[in-house]
Amino acid sequence: MEFGVLMMDAVTSRAQWRDRVRRMEDDGLSTLHATDHFDRAPISPLLALAAAAQVTSRIRLGTLVLNNDFRQPAVLAKEIASLSVLCDGRLEIGIGAGWMDDDYDVSGIVREPAGRRIDRLGGTLELLRALSGGGAVDLDAPGVAVRDLRNVPDLVAPLRLFVGGGGRRVLTLAGRTADVVGINFDVREGKLGAHATASASADATDEKVGWVRAAAGDREPLLHLVAYWSEVTEDPQAAAARRITALGLDLTPDQLLASPHALIGPKGAVLERLAELRERWGFGYVSFYEQDLPSMLPVLDRLA
């Protein structure tokens, strides 16, 4: 499996960010993920990755995920091409249609219906794929109208495109177009509410993976999952209850522990769950929160 880490803690200085990203590389993580929210992300993701590129040499640098509504597609393409040069091609671009009400409320950006947002995401993905092929691009697609557009500078390596979500329409788009497909909660309500947490179940994950595979056909995109709740512990019930209380989740401890997004329990049980993720659903890529990583490192060392 590949393993990534979501960098969610506040960035207080250049030295602090430098030390954190170097530690992630030294710990053997596959990918360092920067997030893209107005109220949660600690630092602007593309700038954060450009800084991380200067002090690392092996770890892949990714976004989990950019909100497509925050950036004009042609400008985004130029920024991605520039970042590809700065990180010697170690780039994974995760991009989504946007979902969180708070992002739109605080920024003044209009949150249009999901169908329109997903259509525009499809247009951006089409543009990024076309530019990855080199040469000038003419494209009319939802949210995109470019003429003789070129990536300046040229991409150092082909983009690894990551698209995730929890609804059928966006996962169908991801299955058709993405190199990496992230199976996530269904957040159509714009918040992490009862509908979203209910969609974190094993049965819901079966359905989501089925949508992706149906759309992918002969393609075999890499399946990704965020282990939102991760902890090696001898008392999983207590750990689950603590996280439910802290986040205000509408789940029981047993429901949380049964979710594929939970890796909570003794080391052996966590290893068994990772094996289940691979064997039952085909997940080959799992990411953790930075704060949970110290607990998970013995598990990753065992797998290595």
Side-chain angles (χ1 to χ4, degrees), residues 1-12 16-53 55-56 58-67 70 83 87 90-96 98-100 102-103 160-166 178 180-185 187 191-192 196-197 200 222-232 243 246-247 249 256 259-264 270 273-274 277 283-297 299-300:
M1 278 188 168
E2 297 183 24
F3 295 105
V5 57
L6 276 157
M7 308 293 281
M8 297 288 289
D9 294 342
V11 177
T12 58
Q16 183 236 32
W17 181 244
R18 176 199 64 204
D19 292 344
R20 286 167 62 193
V21 300
R22 281 178 173 168
R23 186 166 64 252
M24 298 303 108
E25 182 167 74
D26 291 342
D27 285 338
L29 277 299
S30 304
T31 310
L32 184 151
H33 300 295
T35 62
D36 192 26
H37 294 290
F38 279 97
D39 68 332
R40 296 183 184 179
I43 191 170
S44 178
L46 298 177
L47 292 176
L49 296 182
V55 295
T56 59
R58 300 183 305 278
I59 195 168
R60 186 184 299 114
L61 305 175
T63 54
L64 188 61
V65 293
L66 298 176
N67 184 329
F70 293 171
L83 183 55
C87 72
R90 295 180 285 128
L91 191 58
E92 175 181 276
I93 290 297
I95 186 167
W99 66 275
M100 194 166 71
D102 288 349
D103 280 333
R160 180 155 118 153
L161 286 179
F162 178 127
V163 179
V180 183
V181 176
I183 304 296
N184 214 323
F185 301 164
V187 287
K191 60 183 179 181
L192 192 61
T197 52
L222 180 63
L223 295 185
H224 172 274
L225 175 137
V226 177
Y228 289 108
W229 312 299
S230 302
E231 184 177 343
V232 174
R243 288 172 182 260
L247 296 172
L249 301 175
L256 186 144
S259 170
H261 296 273
L263 297 174
I264 298 177
V270 172
R273 171 54 61 85
L274 284 167
L277 292 179
F283 288 111
Y285 189 4
V286 177
S287 295
F288 310 97
Y289 282 127
E290 182 182 5
Q291 65 190 30
D292 292 333
L293 195 60
S295 176
M296 298 304 298
L297 281 176
V299 175
L300 304 189

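Scope of the values below: all heavy atoms of this structure, side chains included, with no hydrogens, waters or symmetry mates.
Taken to the nearest 0.5 Å, the CD atom of Glu290 stands 8.0 Å off from the CG atom of Leu293. With rounding to the nearest 0.5 angstrom, the OG1 atom of Thr56 is 7.5 Å from the CG atom of Leu32. To the nearest 0.5 Å, the span separating CE on Met7 from CH2 on Trp17 amounts to 4.5 Å. Taking CG of Leu247 as the start and CH2 of Trp229 as the end, the distance is 8.0 Å to the nearest 0.5 Å. Distance CD1/Ile59 to SG/Cys87: 11.5 Å, rounded to 0.5 Å. The CG atom of Leu46 lies 8.5 Å from the CG atom of Leu91; values are rounded to the nearest 0.5 Å.
When atom types are taken as modelled, the side chain of Arg160 and the backbone of Gly62 share no donor-acceptor pair closer than 3.5 angstrom. The main-chain N or O of Val232 is found under 3.5 Å from a side-chain atom of Ser295 such that the two form a donor-acceptor pair. Not one N or O on the side chain of Asp103 forms a donor-acceptor pair closer than 3.5 Å with the backbone of His37. Judged by distance alone, with hydrogens and angles left aside, the side-chain atoms of Asp36 form a donor-acceptor pair with the main-chain N or O of Asn67 at under 3.5 Å. Here the side chain of Glu92 pairs no donor or acceptor atom with the backbone of Thr63 at under 3.5 angstrom. Within the 3.5 Å criterion, the main-chain N or O of Val226 finds a donor-acceptor partner in the side chain of His261.
When the side chain to side chain donor-acceptor pair (under 3.5 Å) test is applied to Tyr228, the partners found at least two apart in sequence or on another chain are Asn184. Remark: Thr31 pairs with Arg60, Tyr285 by the side chain to side chain donor-acceptor pair (under 3.5 Å) rule, at least two apart or across chains.
In this structure, the side chains of Phe185 and Leu192 come closer than 4.5 Å at one or more pairs of heavy atoms. The shortest distance between side-chain heavy atoms of Leu300 and Phe288 falls below 4.5 Å. Contact annotation: the side chain of Arg20 approaches that of Asp9 to within less than 4.5 Å [non-hydrogen atoms, C-beta and beyond]. Proximity of Leu274 to Leu263: side-chain heavy atoms (C-beta onward) are separated by under 4.5 Å at one or more points. Within the 4.5 Å cutoff, the side chain of Asp26 has heavy atoms near those of the Arg58 side chain. When side chains are defined from C-beta on, Leu29 counts as touching Phe3, because their heavy atoms get closer than 4.5 Å. Looking at Thr35 and Pro45, their side chains never come closer than 4.5 Å, going by heavy atoms from C-beta outward. Contact annotation: the side chain of Ile264 approaches that of Leu256 to within less than 4.5 Å [non-hydrogen atoms, C-beta and beyond].
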Checklist entry - So Val11 and Gln16, side chain to side chain contact (heavy atoms under 4.5 Å, CB included) or not? Walk me through it. => result CA-CA 7 Å; Val11 177; Gln16 183 236 32; 3.9 Å; yes
Next on the checklist: One pair to check against side chain to side chain contact (heavy atoms under 4.5 Å, CB included): Arg243 and Glu231. What are the steps and the verdict?
Outcome noted: CA-CA 10 Å; Arg243 288 172 182 260; Glu231 184 177 343; 3.5 Å; yes
Next on the checklist: The test is side chain to side chain contact (heavy atoms under 4.5 Å, CB included); show your working for Val180 and Leu161 and say whether it passes.
Outcome noted: CA-CA 6 Å; Val180 183; Leu161 286 179; over 6 Å; no
Checklist entry - Going through the distances and angles, do Phe38 and Asp102 end up as a side chain to side chain contact (heavy atoms under 4.5 Å, CB included)? => result CA-CA 8 Å; Phe38 279 97; Asp102 288 349; over 6 Å; no
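Between Phe283 and His224, the ring center distance fails the sub-6.0 Å criterion.
Of all heavy-atom pairs between Asp292 and Ser230, the closest is CG-O, 3.3 Å. Across all non-hydrogen atoms, the minimal contact from Val286 to Ala227 is CG1-CB, 4.0 Å.
Side-chain contact check for His33 and Ser287: at least one donor-acceptor pair (N or O, by modelled atom type) lies under 3.5 Å.
Residues Asp27 and Arg22 are not paired through a salt bridge, judged by the lack of any N-O separation under 4.0 Å between the basic side chain and the carboxylate.
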